[in-house]
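Keep in mind that what you see is a predicted model, and the values were worked out from it rather than measured. Computation of the quantities below employed the complete heavy-atom set of this structure, encompassing side-chain atoms and omitting hydrogens, waters and symmetry-equivalent molecules.
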Amino acid sequence: MAVQPPTPRTELHRHLDVSLRMTTLLELSQAKGLVGESTSLESFQEKLWLRRPMKDLAEVLAKFTLFQQVLERPEDLERVAFEAVEDCWAEGIRQVELRYSPSFVCEDGSLTWQESLEAFHRGLERALENLPEMRAGLLLIASRDYGPDSAAQTVELYLKNLHRVAGIDLAGNEAAFPPRLFTEAFRPVGAAKAKTPHQIHVTVHAGEAAGPESVWEALELLAAERIGHGIRAFEDPELVRHFLEKEICLEMCPTSNWVTRAVPSLAQHPLKQALEAGIAATISTDDPSIFGVSLDDEIQVARQAIGLSESQVQLSFEHAARSTFLPQQAPPTKIASPLPKES
């Protein structure tokens, strides 16, 4: 019997605005006077990387400020996107969704939301021109912490740029801002999805800092077809059955889930439980520059700390490939855009 080749890696959950190369982040930080010129890369990384569990998700999110401060010029955003796709390619990834929050990146007013999107998009396009068989797309994040009005503006930006954006996400402080607060903001997404279901895609961070009720709200009120993290969903057997019936994909990020205390230990992470139950669970890095991880690192964690077999690792990538918001057919040298899937 012929041995099947490994499934090409697909990553569904990587934050572009927190995926800067350490060398680039240090360079931009020094250029703005945020970090001393004599700061070494090693000491910079040591201060930035989170290598132990923090108090909670909110404490981790507070670490993102430096990234926000250096993402001010279009050329820097383009560079960051270009390098992020290159880095994914080097990690063996052949399909990646890179998400970012326009309200976060553009908070100081240096760039308009449209300018930020176009700059990131140019970076992805430029990278894909030289990477054979690589596919990448952008997701827009509606950031909970900026409120429902900001989320509504993100939805508007998404629906105006379907040729540049593969989907929309809701992220941020889940405990303080549950999905139900954003029902009205996301209503136009639901209306658009009813008309063109293969073109409109929604994922929501849920079940990370709040319980199963948050996941139910994401699914029922915001029409999420994937869930970011979903750790606490396993407290509700009915919700687990719903995942199976509706083929809901879980974007799981082991190191992130440990650092944010979504799980008490890596050994207790539900990734293996999800895969054994038949749920479409996947492996992602979340915030590589904060946690100092690559997809290779997360795979090792999944194997050694969580107990996944090699076949389960490959199964996670099969789930990711089937659950991606990228179109099924796209030229490898062009950025993926959410055109209707072929039947």
Side-chain angles (χ1 to χ4, degrees), residues 8-20 50 57 60-61 64 67 81 84-85 87-88 91-101 104 120 124 135-144 165-172 174 201-209 214-215 218 222 224-233 243 248-260 262-263 269-271 274-275 279-299 301-302 306 308 313 315-326 336:
R9 295 178 179 179
T10 296
E11 182 168 9
L12 303 180
H13 195 119
R14 184 179 289 220
H15 290 254
L16 178 56
D17 36 8
V18 200
S19 291
L20 281 70
L50 299 180
L57 176 61
V60 174
L61 294 176
F64 288 21
F67 297 86
V85 176
D87 292 344
C88 288
E91 293 173 36
I93 298 167
R94 293 300 176 263
Q95 294 189 119
V96 64
E97 296 176 18
L98 295 165
R99 62 187 72 189
Y100 88 98
S101 165
F104 172 81
F120 278 138
L124 262 67
R135 304 176 67 223
L138 290 171
L139 304 188
L140 289 182
I141 296 173
S143 295
R144 290 175 157 104
V165 184
I168 191 166
D169 180 21
L170 178 69
E174 178 190 7
H201 296 291
V202 181
T203 181
V204 173
H205 284 63
E208 180 185 19
S214 179
V215 181
L222 306 185
E225 56 200 279
R226 293 192 334 223
I227 295 293
H229 306 296
I231 300 299
R232 294 187 58 188
F243 285 162
I248 304 297
C249 174
L250 299 184
E251 309 156 359
M252 290 185 155
C253 310
T255 297
S256 170
N257 300 149
W258 175 65
V259 173
T260 63
V263 293
H269 196 287
L271 172 58
L275 289 170
I279 293 171
T282 65
I283 303 172
S284 291
T285 55
D286 203 3
D287 309 309
S289 301
I290 287 285
F291 303 123
V293 296
S294 66
L295 191 56
D296 284 325
D297 295 322
E298 293 297 83
I299 292 169
V301 166
I306 302 176
L308 262 62
V313 170
L315 177 60
S316 75
F317 290 126
E318 292 173 14
H319 286 316
R322 284 195 296 269
S323 302
T324 182
F325 293 163
L326 303 181

So which atom in [X] and which in [Y] form the shortest heavy-atom distance, rounded to 0.1 Å?
{"X": "Ser256", "Y": "Phe291", "answer": "CB-CE1, 3.4 Å"}
{"X": "Asp17", "Y": "Phe104", "answer": "OD2-CD2, 3.6 Å"}
{"X": "Glu251", "Y": "Gly228", "answer": "OE1-CA, 3.4 Å"}
{"X": "Arg9", "Y": "Gly92", "answer": "CB-O, 3.4 Å"}
{"X": "Pro254", "Y": "Ser284", "answer": "CD-O, 4.0 Å"}
{"X": "Pro288", "Y": "Thr285", "answer": "CG-OG1, 3.4 Å"}

Would you confirm whether [X], through its side chain, and [Y], through its main-chain N or O, come within 3.5 Å as a donor-acceptor pair?
{"X": "Arg99", "Y": "Leu12", "value": "yes"}
{"X": "Thr282", "Y": "Ala320", "value": "no"}
{"X": "His229", "Y": "Ile231", "value": "no"}
{"X": "Glu174", "Y": "Ala209", "value": "yes"}

Mind checking what makes side chain to side chain contact (heavy atoms under 4.5 Å, CB included) contact with [X], not counting sequence neighbours?
{"X": "Ser143", "answer": "Ser101, Ser103, Ile141, Tyr146"}
{"X": "Glu91", "answer": "Arg14, Asp87, Ile93, Ser294, Leu295"}
{"X": "Ile248", "answer": "Leu219, Ile227, Phe243, Lys246"}

Side chain proximity check, [X] to [Y], heavy atoms < 4.5 angstrom:
{"X": "Val301", "Y": "Trp258", "answer": "no"}
{"X": "Leu98", "Y": "Val85", "answer": "yes"}
{"X": "His205", "Y": "Asp169", "answer": "yes"}
{"X": "Ile299", "Y": "Phe317", "answer": "yes"}
{"X": "Phe67", "Y": "Leu20", "answer": "yes"}
{"X": "Arg144", "Y": "Val204", "answer": "yes"}

Rounded to the nearest 0.5 Å, how far apart are [atom1] of [X] and [atom2] of [Y]?
{"X": "Asn257", "Y": "Glu208", "atom1": "CG", "atom2": "CD", "result": "6.0 Å"}
{"X": "Leu326", "Y": "His201", "atom1": "CG", "atom2": "NE2", "result": "9.0 Å"}
{"X": "Ser289", "Y": "Asp286", "atom1": "OG", "atom2": "CG", "result": "11.5 Å"}
{"X": "Ser316", "Y": "Glu11", "atom1": "OG", "atom2": "CD", "result": "10.5 Å"}
{"X": "Leu16", "Y": "Leu124", "atom1": "CG", "atom2": "CG", "result": "7.0 Å"}

Could you verify whether a donor N or O on one side chain and an acceptor N or O on the other, from Thr255 and Glu298, lie under 3.5 Å apart?
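Checked: Thr255/Glu298 side chains pair up, N/O donor to acceptor below 3.5 Å.
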Any Lys/Arg nitrogen of Glu97 or Arg226 sitting under 4.0 Å from an Asp/Glu carboxylate oxygen of the other?
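The answer is yes: the pair qualifies as a salt bridge.
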Between His269 and Leu308, is a side chain to side chain contact (heavy atoms under 4.5 Å, CB included) present by the stated rule, with each step listed?
CA-CA 11 Å; His269 196 287; Leu308 262 62; over 6 Å; no
